[in-house]
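Heads up: the structure comes next, in structure tokens.
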Amino acid sequence: MSEYKFFEQVNKAFDRAASYTKIDKGILSQIKACNNVLHIQFPVEMDDGTIRVIDGYRVEHSHHKMPTKGGIRYSTMVNEDETMALAALMTYKCAVVDVPFGGAKGGIKIDPKKFSVGELERITRRYTFELYNKSFIGPGNDVPAPDMGSSEREMGWIFDTYRQLSNDINAEGCVTGKPVGQGGIRGRTEATGRGVYFGIKEACDNAEDMKELGLEKGIEGKSFIIQGLGNVGYHAAKYMTEAGAKMIGVAEYDASIYNKDGINLEDLMSYKKENNGGVSGYDKAKELDSNTAVLEMECDILIPAAMENQLTEKNASKIKAKIIGEAANGPTTDKAHEIIKERGALIIPDNYLNAGGVTVSYFEWLKNIQHVRFGRMGKRFEENSYKKILSVIETISDRKFTDDELAVLAQGGGERELVDSGLEETMVNAYNEINELRKHHNVDLRTAAFISAINKVGSMYRGMGIFP
């Protein structure tokens with residue numbers, strides 16, 4: 001078990017930010033508290049006929065807005081403290097990016113790699129039954145999503161189980177991150193990594209802030225090191241490299257590698273696929289002494305996209321990156337944050353930067369309860385309007401558009417395009433809001449994001465009053 005209590009780390013950051021607000025101390029205590037904490041143990045029959053007792057958790061941190069929202073993690077590291085911390089971060093994250101959910105989180109304490117598909121399905125369905133039986137799932141009260149160790153496959157099982165148990169016309173909205181054919185939304189798989197890219201891009205596009213760091217404006221040409229090439233890390237790296245950044249280092253569970261001339265992402269992913277997800281032995285980069293050593297190498301941007309508590313007081317003074325983009329939840333401990341901040345680095349915090357997943361989950365939930373796909377009503381109308389405008393341009397000029405040009409210029413907004421646009425709008429607006437707070441209060445971005453969240457949640461409690 002980690003020596004760093006995750007929930008305590010979150011609350012230290014909360015308390016630091018709370019001193020910059022005018023929220024009543026009693027309401028601050030209510031905001032910090034987890035409203036519901038569920039620990040369940042249930043039996044599941046394995047393929048060989050043996051019975052195994054499984055530990056599961058679900059925490060609903062805040063009911064200031066409903067439903068609560070948060071992923072389900074499949075990991076042997078799952079415990080009550082971690083689940084409470086992640087649920088709290090979800091509350092603050094949703095508030096920062098103006099997604100109208102309270103925070104929640106769930107977890108099943110298993111290593112999913114050690115179970116067959118059939119066993120995982122039985123575990124997931126029984127866990128869902130336990131949540132349903134205790135009113136911890138439903139489109140109006142608590143909506144899970146994928147997290148570490150889970151994917152759209154497990155979300156499909158959850159949806160089907162809930163649908164069988166309930167008589168709910170909005171059953172599709174009981175969980176997000178589902179396959180598209182089961183009510184999922186295009187763009188959800190890459191959403192968190194895409195949001196990480198949008199957040200880092202917005203930070204890098206601020207010429208004044210980049211000048212303070214001794215960097216040029218923009219992402220193009222900047223070097224980055226990433227820890228963890230799972231779903232979030234891979235997509236963050238993909239969009240970063242497509243924008244012209246250079247990936248020079250990667251840390252994985254088995255090793256860390258470095259090449260100052262750059263590492264080809266897709267080539268490395270092919271190697272990982274053939275080597276159980278590891279990077280050890282990859283001959284196009286130098287393998288370093290440990291699986292975290294690359295975090296200490298020279299680079300412009302460091303993106304921790306793995307587990308919590310990766311940057312601690314033990315290695316913080318050795319971190320040389322000028323920008324830390326927290327794609328993971330809680331990768332930097334409170335003391336490490338202070339050390340890195342004092343060195344002058346810009347830390348783009350997790351309670352903002354990895355909000356892309358919950359933002360697109362919100363879009364999926366809206367799609368489910370509205371029972372209509374985004375773009376269905378307006379896409380053709382937009383395309384026909386654009387074609388009319390282009391036809392007028394052709395009439396009054398000598399310009400004749402080719403079929404390929406018309407296909408691009410007259411394209412209407414389909415579901416994927418609208419989701420991507422909404423995600424970018426959300427991440428850009430939220431970054432500028434917290435960056436303004438950072439400068440107004442002369443604090444760091446993490447504290448600014450907490451100030452934003454505390455003020456928004458606190459105003460809800462003030463407006464609603466306390467029942468009874």
Side-chain angles (χ1 to χ4, degrees), residues 1-2 4-15 28-42 54-96 99-110 123-124 126-150 154-155 158 162 174-177 307-309 328-330 350-351 354-355 357-358 361-362 365 450 453-454 457 460-461:
M1 183 177 291
S2 172
Y4 303 100
K5 293 186 181 297
F6 194 2
F7 192 42
E8 184 180 292
Q9 299 290 323
V10 173
N11 284 335
K12 282 182 179 178
F14 180 100
D15 291 338
L28 289 174
S29 296
Q30 168 58 30
I31 296 171
K32 284 168 66 174
C34 289
N35 293 164
N36 288 333
V37 180
L38 176 68
H39 177 198
I40 51 178
Q41 293 181 302
F42 52 88
I54 306 294
D55 281 86
Y57 297 86
R58 188 71 183 172
V59 173
E60 295 174 349
H61 174 258
S62 180
H63 292 154
H64 74 285
K65 284 185 181 288
M66 294 293 282
T68 53
K69 187 82 185 73
I72 299 173
R73 179 169 288 195
Y74 289 47
S75 167
T76 56
M77 303 296 288
V78 166
N79 57 53
E80 186 173 289
D81 176 76
E82 178 191 64
T83 312
M84 290 171 67
L86 293 170
L89 281 173
M90 280 298 298
T91 291
Y92 309 136
K93 195 182 305 179
C94 288
V96 167
V99 168
F101 293 139
K105 206 73 177 183
I108 302 176
K109 194 178 181 67
I110 60 170
I123 290 169
T124 301
R126 178 58 187 263
Y127 174 78
T128 306
F129 170 78
E130 296 292 339
L131 296 184
Y132 177 81
N133 208 31
K134 296 169 177 65
S135 299
F136 272 76
I137 189 172
N141 59 315
D142 193 352
V143 181
D147 199 270
M148 183 186 301
S150 62
E154 286 76 18
M155 301 309 107
I158 290 171
Y162 179 86
C174 78
V175 64
T176 60
M307 293 285 289
E308 62 267 16
N309 300 328
N329 286 303
D350 57 344
N351 58 337
N354 67 20
V358 74
S361 277
Y362 169 50
W365 179 78
F450 270 98
I454 292 167
V457 178
M460 283 291 297
Y461 278 115

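Looking at Lys69, its side chain does come within 3.5 Å of a backbone N or O of Val143 through a donor-acceptor pair. The closest donor-acceptor contact from the side chain of Asn11 to the backbone of Phe14 lies at 3.5 Å or more, if one exists at all. Trp365 contributes a side-chain N or O that, together with a main-chain N or O of Pro139, makes up a donor-acceptor pair within less than 3.5 Å. The backbone N or O of Pro146 sits nowhere less than 3.5 Å from a side-chain atom of Ser150 that would complete a donor-acceptor pair. Side chain of Asp350 to main chain of Gly330: a donor-acceptor pair is present (N/O by atom type, distance under 3.5 Å, no hydrogens or angles). Under the 3.5 Å distance criterion, the side-chain polar atoms of Asn354 are matched with a main-chain donor or acceptor of Ala328. For Asn141 (side chain) and Met66 (main-chain N/O), no donor-acceptor pair under 3.5 Å exists by modelled atom type. Tyr127 places a side-chain N or O within 3.5 Å of a backbone atom of Tyr57 that can act as its donor or acceptor partner.
In terms of heavy atoms, Ala453 sits closest to Val96 at CB-CG2, 4.1 Å. Here the closest heavy-atom approach between residue Asn79 and residue Thr83 is recorded as O-OG1, 2.7 Å. Nearest heavy atoms, Thr176 versus Ser361: OG1-OG, 2.8 Å.
With sequence neighbours excluded, no residue forms a ring pair (Phe, Tyr, Trp, His ring centres under 6.0 Å) with Phe6.
We find the CG-NZ distance between Leu131 and Lys134 to be 8.5 Å, quoted to the nearest 0.5 Å. In this structure, the separation between CG on Asp147 and CE on Met90 is 9.0 Å, given to the nearest 0.5 Å. Expressed to the nearest 0.5 Å, how far CE of Met155 lies from OG1 of Thr128 amounts to 8.0 Å. If you take NE2 on His64 and OH on Tyr461, they are separated by 7.0 Å, rounding to the nearest 0.5 Å. Atoms CZ and NZ, on Arg58 and Lys105 in that order, are 8.5 Å from each other to the nearest 0.5 Å. In this structure, NZ on Lys109 lies 7.0 Å from CG on Asp55, to the nearest 0.5 angstrom.
The side-chain heavy atoms of Cys174 and Tyr132, taken from C-beta on, include no pair separated by under 4.5 Å. Annotation: side chain of His63 is in contact with side chain of Thr68 (closest heavy-atom distance under 4.5 Å). Side-chain contact between Pro67 and Asp142: absent, with no pair of heavy atoms (C-beta onward) separated by less than 4.5 Å. Between Leu38 and Val59, every side-chain heavy-atom pair lies at or beyond the 4.5 Å cut-off. Side-chain contact check for Met307 versus Asn329: every heavy-atom pair is 4.5 Å or farther apart. Within the 4.5 Å cutoff, no side-chain heavy atoms of Tyr362 are placed close to those of Cys94.
Thr124 and Tyr74 share a donor-acceptor pair across their side chains, judged by distance under 3.5 Å alone. Side-chain N/O atoms of Thr91 and Ser62 include no donor and acceptor closer than 3.5 Å.
The pair Arg73-Glu308 meets the salt-bridge criterion, since a charged nitrogen lies less than 4.0 angstrom from a carboxylate oxygen.
Aromatic ring pairs are classed by plane angle as parallel below 30°, tilted from 30° to 60° and perpendicular above 60°; the pair Tyr92 and His61 is perpendicular.
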* Could you check Val78 against Ile108 for side-chain contact (heavy atoms from CB on, under 4.5 Å), going step by step and ending with a plain yes or no? => CA-CA 7 Å; Val78 166; Ile108 302 176; over 6 Å; no
* To do: Please test Ile54 against Ile110 for side-chain contact (heavy atoms from CB on, under 4.5 Å), starting from the C-alpha separation and ending with a verdict.
  => CA-CA 8 Å; Ile54 306 294; Ile110 60 170; 3.9 Å; yes
